[in-house]
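Input: a single structure, listed below in C-alpha cells.
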Amino acid sequence: MTTTAFLHPDRLLPADPAIRSVARGLYERVATAPILSPHGHVPPEWIADDVPFADPAQLFIAGDHYVHRLLHASGVRHEQLGLGGTTADPRAVWGLLAEHWHRFAGTASGYWINDVLGRVFGLDRELSPATADDAYDRIAAALLDPGFRPRALLDRFGIEVLATTDDPLDPLDAHRRIAEDPAVRTRVLPTFRPDAYLDPENPAFVDKVQRLLDGLPVTWAAYLEALAAQRARFIAHGAVSVDIGMIAPTTLRTDPADAQAILQRALAGEATAQEAARFRAYGLYESARQSTEDGLVLTVHTGVRRNHHAPTLRALGADSGHDIPLAAEYTENLRPLLEDFGLHPALHLVLFAMDETLFSRELAPLAGFYPSVYIGAPWWFLDAPDSIQRFRAATTETAGFYRGSGFIDDTRAFLSIPARHDMARRSDAAYLARLVAEGRVSLATAERIADDLVDAVPRTAFKL
Amino acid sequence: MTTTAFLHPDRLLPADPAIRSVARGLYERVATAPILSPHGHVPPEWIADDVPFADPAQLFIAGDHYVHRLLHASGVRHEQLGLGGTTADPRAVWGLLAEHWHRFAGTASGYWINDVLGRVFGLDRELSPATADDAYDRIAAALLDPGFRPRALLDRFGIEVLATTDDPLDPLDAHRRIAEDPAVRTRVLPTFRPDAYLDPENPAFVDKVQRLLDGLPVTWAAYLEALAAQRARFIAHGAVSVDIGMIAPTTLRTDPADAQAILQRALAGEATAQEAARFRAYGLYESARQSTEDGLVLTVHTGVRRNHHAPTLRALGADSGHDIPLAAEYTENLRPLLEDFGLHPALHLVLFAMDETLFSRELAPLAGFYPSVYIGAPWWFLDAPDSIQRFRAATTETAGFYRGSGFIDDTRAFLSIPARHDMARRSDAAYLARLVAEGRVSLATAERIADDLVDAVPRTAFKL
Amino acid sequence: MTTTAFLHPDRLLPADPAIRSVARGLYERVATAPILSPHGHVPPEWIADDVPFADPAQLFIAGDHYVHRLLHASGVRHEQLGLGGTTADPRAVWGLLAEHWHRFAGTASGYWINDVLGRVFGLDRELSPATADDAYDRIAAALLDPGFRPRALLDRFGIEVLATTDDPLDPLDAHRRIAEDPAVRTRVLPTFRPDAYLDPENPAFVDKVQRLLDGLPVTWAAYLEALAAQRARFIAHGAVSVDIGMIAPTTLRTDPADAQAILQRALAGEATAQEAARFRAYGLYESARQSTEDGLVLTVHTGVRRNHHAPTLRALGADSGHDIPLAAEYTENLRPLLEDFGLHPALHLVLFAMDETLFSRELAPLAGFYPSVYIGAPWWFLDAPDSIQRFRAATTETAGFYRGSGFIDDTRAFLSIPARHDMARRSDAAYLARLVAEGRVSLATAERIADDLVDAVPRTAFKL
C-alpha cells in the first residue's frame, strides 16, 4: 500500500531521533507481515458473497458505531446519519463527518480513517469541508472497482487469518462456502459466542436454549452436552476459540443440582437475579472445563455495561455506541476456575479488560504464573497509541512480551483492519525502541520480540 | 507579565528539541488569551470591596490549604502557622515556608508559588531561607500598592469570566454591587451550590431547608419549587452553572411520595442513612431535570471524603487540607439520569473525578456518546503537569479534544489563577506538540485545537 | 563494581541527550552511596553463619519465586526446576532459564539478573543457550570463593542497614550473634511481623497465640501486653519497625469486651468470618497505638490474595509465585486509626500498595496531610523502571519527594539487592532530570533531592 503526503511515514514512532531510528527499524521488519486476526466481527457473508461495500457514508459512518458515536456526542442526531431506520443522503452524511472532523483529531477512529483514506483509497489530503466532496467522489468511484470488494481486499491487506463471531446455532453456511472456495486464501474461522445461552437475564435466553436443547430433557447434563456438540461443530468448521462477554467474570464450581434447578426455573422465566448470577458463574466455569476437553481457546471480555441508554437501544438496537465500561475484577472472580483448570495444558484463557487498572494489578500477575492465562491486547476504547504504551508499560515488567494474545482488532470495520494492525506494530516498535534506547533490551532481542509479536505470539495464544 | 530568571521560559514544555519547538509555537498562540474561569472559590466580596490582600503569610500559606497541608505533613503544627484561631508572626510563618521549600519541589503548589513570585511580584530568585526576608519585604511592599488589589489584578491577569461558589440563599449582594459597577470589566458570576440542601446528613440541612421553605408546607413539590426559584434568582444574577459535590453520584428516578416522606423525616431528624442516600439520589436527578428547564450547566464533583480528620475539622473548620479522595463511579450511578435527560439539548453535565481510573474507563466513553456529558478537567490533586498529560492521554483517544470542560482552576488562591491557567496552556501545548511530532495530528489542526481549548471549548461547555 | 559490555552504562536513563546528561549527573552523585534496606526478607542465618550460596540454579531460580514464576507461566513445570521436594540437575535448570531468557526481556527480574551477572559475577555476555554453560561454570566457580559469601558481599555491596522479617516469637539468636560479631559492619535489624497473631483465620493463629500467651489468662489485656513485650524484645535487638500484611487494612477503635470475646472464641476455633475481620481491624488499630508508645515504625502491605492457586500451595508452600494483587483501599479503612493517632509524633505509618490507583488517589493525599503517613515505595510487581516513573508522577505533584519511604527492596534474593537499589537510583535520577529539563525543578534542588532520596528520606521514615 502506498503512503500519501498527509500520512507521516514515521507516524506513532517516538519523536526523539535516536529512539525513532531504532523504532523505524523494528517497525520495518514487520510492516508487511501477514495479518493474523483471531478475534473480530466481520460478517462472513461479506466474504462468502464478496459483497461490494455501499457508499462512503455507510462504509465509514453508519457501519462504524465508533464513528457515529462521537458525531452523536458532538450534537449530530441519529436521524441526520440515517440511523435507526431513517434515511439520509449519503453525501450529506459524509459532509457531517467532514464538518466535525477536527473533533476526531487525536482519536483512534480518526487515526484509522486517515490511514484508510490514505493507504486504501490513495487520498492525499486530510478530510475537511473543502475536501469532502472530492473525497466522497473518489471513494465512491473506488467502491465500484472489483479491487475494493472484500475478497480482493483480503489479499491486498495480507490477511492470513480472520475470525468472525457467531451464534452457537449459526448454521455456518457462509463459513462452509468460504472454506470450499479455493479462491479465498485467507483462513476465515468462526468463533463460538454463547453469551445469550449462558445468561438467564438475556432476553433471548429462553428461545435460544430451547432451540439448543431441541427437545432434549431439560437437564444440566443435556444442556452441557448440547453446548459441547455445537462447539464440536464449530471446531469442524475451523473454529479455534470460544468468546464470552460477561459484565462480571465470576466463576463457581458447579453444583449440578443447583445448576439444573436454575436452568429449569430460567426456562420458565422464574429465575431470580441471584440465580442468574450463579448460573453465569457455572457457565463460565464449565466453558473452561469444556476447553480443557476440546481445546478451544477461551477468551473473556468483561466490565462493560452494554446498551447504557435504553431509548437508543430501542431505536437503534445493540452495538450502537453506548456501551460504557465499568470497574472490573479477575483475581477473585476467576479463582475457582484457575484452581481447577489453570495448569491444564489444553486451556488457553485470554483475558481482556477495559479497566486499565487490571493491567498491572491482575492481568500481568495472573499471566506471570498461570501458563493458561494470556493477557488480552488492549481492547475497544484502549486499542489506541497512547493506551498501548500504557498497556505495555503496565504488563511487561511483570510478564514480559510472551504472555500476551497479540493484537486483536475486534472490529466489524473491515477496511480498517490493516490500519489497526499497523498501529499496533508501530506502537510496539515505539515501546521496544525505548527499551533499547534505555539499555533495557538489546537490539537483537528487540528484533526477535518485534517479529514474534505479530507471529509466534498470536499463533501460540490462539493455537493458529 | 514579565518572566524572571528562575522561571524557565519553556517550563513544562517537552525537552525534546523538535517537540519543544512545536509546543512553544502552540503555547505562544494562547499565552495571553483571556482567562475564562467558570468554576472557582474566590469570595466575591474581595472584588466588590476591592479588599487589599493581607501579609505574604496570609496570602500564600494560611489562605491556601494546599500549602499549609504539606507544611503540616512535614511536621509544622497548625499553631505555628497561625491557623485555628491562633496567631503567629507573619514573617516567621513565611520563614517556615522558606525552610521547607525543598519539600514543595515538583508539586503543583510549588510550581504555582514560583510562578506568582516571579510573574506577579517580579522576584528573580527562588525562595530559600537566604532569600526569605527579602522576598517577604518585597511582597509586603507590593501589597500596599493599589495595583495589587483584586480589581487591578483582574485586569492585569486578563480574567474575562470569574465564577464564584455560593449558597443558594446567599443574597448575592456582592455580585449585585460588582455587576452595577462599570469599573469591573470581568464578568463575575455566582454559582449555585446546593449540597447542604440535598443531603439530610449534612449538619446544616434542617436549618437551611427550613429557611429555603420559609414557611411553605413541607412537601416535595414545595421543596423543588423553592430550589427552582433560587436557581432562577441566581440566573438573574448571571449564574451559568449549579455545582454539586457528592461522595457518590448515585441517581434515582424520583418517587415523589418517598421523597416527601424522607424530607419530612429528615427535617424531624429521623431519616436513616438509607433514606438520606435515596434523598441525595433524587436530588441529583432532579437537579438535572431542573437544568433541562432553566439551562444551568450541572457540574458534579464526586469521590472525596471531606474532613477526613475530625479533630482538625473541629479545630480549623472545613477546607483545611484533609479532604481525601476515594474510588468513584459514574457509569452505573448516573444511568437513570442519563437515560432520561442525557440527550436533552439544554443539559450540560460536567463530570469531575479525582479517581484517575475514571478518565479512560468512564468519562471519555460517556462523553463520547452523550452530547450532554462534558469531561471535567483534572481537578484538585490532579490539576498538575504530569496529571494533565495522563488525563489527555486517557481521554483523547476515545473522546477527542472537544468533549471537555476546558481548564478549571477551582481555587480561592486568587493570585495563582493566571499561574494555573498558564500551566494548563503549557501542558496542553506539550501534549498537542507530541501528537504533531508523532504524526498523529497536523500542525494546522493542533493550532486550531490549542486556540479552542482556551476559548470555544469552555465557552461551549459552560454556556459563556 | 565493574560494569561489563552488555550492561549499558546509561541504562534506565532517558534517551533524550539533554535529559540523559542531567540524569547521569544526578545518578553519579548517589551511585555508590551506602545501601539502606529497612525492609526485606534475607534470612539472618545466612549472615550469622556466613552460609555459602549453593549452585547457580538454586541461587537465581529455585531461590527466587519471581524467576520460577515466569518460567512456570512459560510452560516449565515445577518438577523440571526441582521445586516442591523434587530434584533436578542444576545445570539443566540453568539451561531452562537460558532457553527461556527472551521471555524475561523487559521484566524487572530480567533486569536484575543481568545486573547481577555483569556487576557481581563479571560476565560480559547476555545469557542465552549459547552462553549458558560458560556462565554456569563461572558462577559456580565464583560461589566457591569466600568473596562471594554473604558477609563479604555485605561489605562489597556497601549495605549499611539490612532489615530482616521475623516471627514475633523468634528467639532472634541469629541477630544476637550478628550483633555480637564485630566483623559484621552492617546493621542487621529484625522486623516484627505479627500477621499470624492478628488473624484468627490464619491456620497458625491458635498455636502461635497460645505460645504468645504462654499460660497467661486469655484476656485482651494479656494479649496486648504479650505483643508489647515481644515488640520490646525486638527493639532491644535493634528492630525499628513492625510490618503487617492484611488483605484489607480495615481499622476499628477497639471494643475491649468484643475483642476479648473474639479472642476466646478464636482460640476455641469458633470465630466467625465477621468476628475475624473485626479482630484484624482491632489488631491493626492497636498496633498503631503500640507504635505511639514504643516508637516502632508501622509498615502496612495490603491488597494481595496470597496463595491464589491452592494446589501449588499444597505442593510448594507459601511464597511460590502465585500471590495475586487485588483492588485496595486506605482512605476509609484507616480513618479510625488516623483520627486517633495520625498526628502523634511517635507514629510513622508507611503504606504500601500494589494497586497503582492508590498512588494519586489516596497515598499522596494522605501523606500530604498526616505527618505520620509515609508513602511506601512501589512494591513487588511495581518495583521496576516504568512503574517507578508512574509512581513518581502520581505522587510527587501532591506530596513532593519528602513524604516517601525511600526505596525498599523487599527481597530474599540477596545478590540482587544492589541491582534493585541501583535501579531505583537510576529511575529517580531519570524522573528528576525530566523535571529539571522541563524547568520544574532547579538543578541544585534536584541534586539535593537525589542525595536525600537515598539517605535522609529513608533514615527519617524508618528512624534509622
Side-chain angles (χ1 to χ4, degrees), chain A residues 14-19 22 327-332 334-335 338-340 342-343 345 356-362 364-373 389-390 392-403 431-442 444-446 448-449 452, chain C residues 6-17 20 66 69-70 72-77 100-111 114 126 128 303-305 308-312 320-328 354-357 380-387 389-390 426 430:
Chain A
D16 178 274
I19 309 184
V22 175
E329 208 277 345
Y330 276 124
T331 299
E332 297 286 55
L334 290 183
R335 205 170 171 210
L338 287 170
E339 288 206 323
D340 292 352
L343 306 194
E356 295 189 56
T357 68
L358 273 65
F359 290 164
S360 69
R361 191 179 69 217
E362 306 185 16
L366 286 167
F369 172 75
Y370 289 102
S372 61
V373 173
Q389 298 306 314
R390 296 199 297 277
R392 285 287 176 213
T395 59
T396 303
E397 294 181 325
T398 290
F401 289 97
Y402 286 86
R403 302 296 306 130
Y431 182 70
L432 278 164
R434 180 165 67 79
L435 298 198
V436 172
E438 293 175 359
R440 293 159 66 179
V441 171
S442 71
T445 300
R448 173 180 181 173
I449 292 169
D452 287 347
Chain C
F6 78 94
L7 292 180
H8 194 296
D10 284 335
R11 60 194 180 282
L12 305 190
L13 306 185
D16 179 274
R20 177 166 287 187
Y66 278 84
R69 174 186 69 85
L70 191 51
H72 179 259
S74 303
V76 179
R77 285 170 290 105
H100 290 284
W101 186 239
H102 59 291
R103 299 178 187 274
F104 288 80
T107 67
S109 295
Y111 179 85
N114 264 341
E126 207 177 351
S128 74
V304 193
R305 171 56 66 193
H308 191 265
H309 189 250
T312 298
S320 49
H322 53 103
D323 297 349
I324 309 288
L326 293 165
M354 267 192 297
D355 177 345
E356 296 189 54
T357 68
W380 204 332
F381 293 110
L382 300 177
D383 54 351
D386 285 349
S387 302
Q389 298 306 315
R390 295 198 297 277
R426 290 173 181 272

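The chains referred to below are lettered A, B, ... by the order of the sequence lines, with proteins before strands, and numbering in each begins at 1.
- With a threshold of 4.5 angstrom between heavy atoms, A:Ala18 does not approach chain C through any atom at all.
- The two residues A:Ser360 and C:Glu356 come nearest to each other via the heavy atoms OG-OE2, 2.5 Å.
- For C:Ser128, no part lies near chain A; criterion is any non-hydrogen pair under 4.5 Å.
- For the pair A:Thr331 (side chain) and C:Pro325 (backbone), a donor-acceptor distance under 3.5 Å is present.
- Taking the six-membered ring where the residue is Trp, C:His322 and A:Phe369 present tilted rings, their angle falling between 30° and 60°.
- Using a 4.5 Å heavy-atom cutoff, the side chains of A:Arg440 and C:Pro385 are in contact.
- For the options C:Val76, C:Asn114, C:Thr312, heavy-atom pairs under 4.5 Å to chain A are most numerous at C:Thr312.
- The minimum heavy-atom distance between C:Ala384 and A:Glu397, with the atom names listed, is CB-OE1, 3.2 Å.
- Your options are A:Ala437, A:Gly368, A:Gly400, and the one with the most heavy-atom pairs under 4.5 Å with chain C is A:Gly368.
- Taking each heavy atom of A:Thr445 and C:Ala105 in turn, the nearest pair found is CG2-CB, 3.7 Å.
- Shown here for C:Gly106 and A:Phe401, the closest heavy-atom pair between the two residues is CA-CE1, 4.5 Å.
- For chain A, the nearby part of C:Leu13 is the backbone; its heavy atoms alone come within less than 4.5 Å.
- A:Glu329 is listed as a side-chain neighbour of C:Leu326, based on a closest heavy-atom distance under 4.5 Å.
- Summarising the geometry, atom CG belonging to C:Leu382 is positioned 7.0 Å from atom OG1 belonging to A:Thr398; distances are rounded to the nearest 0.5 Å.
- Of the listed residues (A:Ala364, A:Ser372, A:Ala394), the one with the most heavy-atom contacts under 4.5 Å to chain C is A:Ala394.
- With a threshold of 4.5 angstrom between heavy atoms, A:Thr396 approaches chain C through its backbone and through its side chain.
- Nearest approach of A:Ala367 to C:Ala73, heavy atoms of both residues: O-CB, 3.2 Å.
- For A:Arg434, the part lying near chain C is the side chain, with the backbone staying farther off; criterion is any non-hydrogen pair under 4.5 Å.
- A:Tyr402 OH to C:Leu70 CG: the interatomic distance, rounded to the nearest 0.5 Å, is 12.0 Å.
- When the candidates C:Ala430, C:Gly75, C:Ala310, C:Ala328 are compared by the number of heavy-atom contacts under 4.5 Å with chain A, C:Ala310 comes out ahead.
- Once rounded to the nearest 0.5 Å, the distance linking CD of A:Glu362 with NE2 of C:His308 reads 8.5 Å.
- Taking each heavy atom of C:Arg11 and A:Gly439 in turn, the nearest pair found is CB-O, 3.8 Å.
- Using a 4.5 Å cut-off between heavy atoms, A:Leu338 touches chain C through backbone and side chain atoms alike.
- Of the residues considered (A:Arg392, A:Glu339, A:Arg403), A:Glu339 shows the highest number of contacts with chain C, using heavy-atom pairs under 4.5 Å.
- Heavy-atom pairs under 4.5 Å with chain A were tallied for C:Arg305, C:Glu126, C:Arg390; the largest tally goes to C:Arg305.
- At a 4.5 Å heavy-atom cutoff, C:Phe104 makes no contact with chain A through either its backbone or its side chain.
- Neither the backbone nor the side chain of C:Arg77 comes within contact range of chain A; no heavy atom of the residue lies under 4.5 Å from a heavy atom of that chain.
- Taking CD1 of C:Ile324 as the reference point, atom CG of A:Leu366 lies at 4.5 Å (rounded to 0.5 Å).
- Side-chain contact check for C:Pro17 versus A:Asp16: some heavy-atom pair is nearer than 4.5 Å.
- Proximity to chain C is limited to the side chain of A:Tyr431, based on heavy atoms less than 4.5 angstrom apart.
- Proximity to chain C (any heavy atom under 4.5 Å) is shown, for A:Arg335, by both the backbone and the side chain.
- Interface remark: C:Thr357 contributes side-chain atoms only to the contact with chain A (heavy atom separation under 4.5 Å).
- Options A:Val441, A:Asp340, A:Ile19, A:Leu343 differ in how many heavy-atom pairs under 4.5 Å they form with chain C, and the most are formed by A:Leu343.
- Atom NE2 of C:His102 is separated from atom CD1 of A:Ile449 by 8.0 Å, given to the nearest 0.5 angstrom.
- If you measure heavy-atom distances from C:Arg103 to chain A, the contacts under 4.5 Å come from both the backbone and the side chain.
- In this structure, C:Asp386 CG and A:Gln389 CD are separated by 9.5 Å, a value rounded to the nearest 0.5 Å.
- Contacts of A:Leu435 with chain C are made by side-chain atoms alone, with heavy-atom separations under 4.5 Å and no backbone atom involved.
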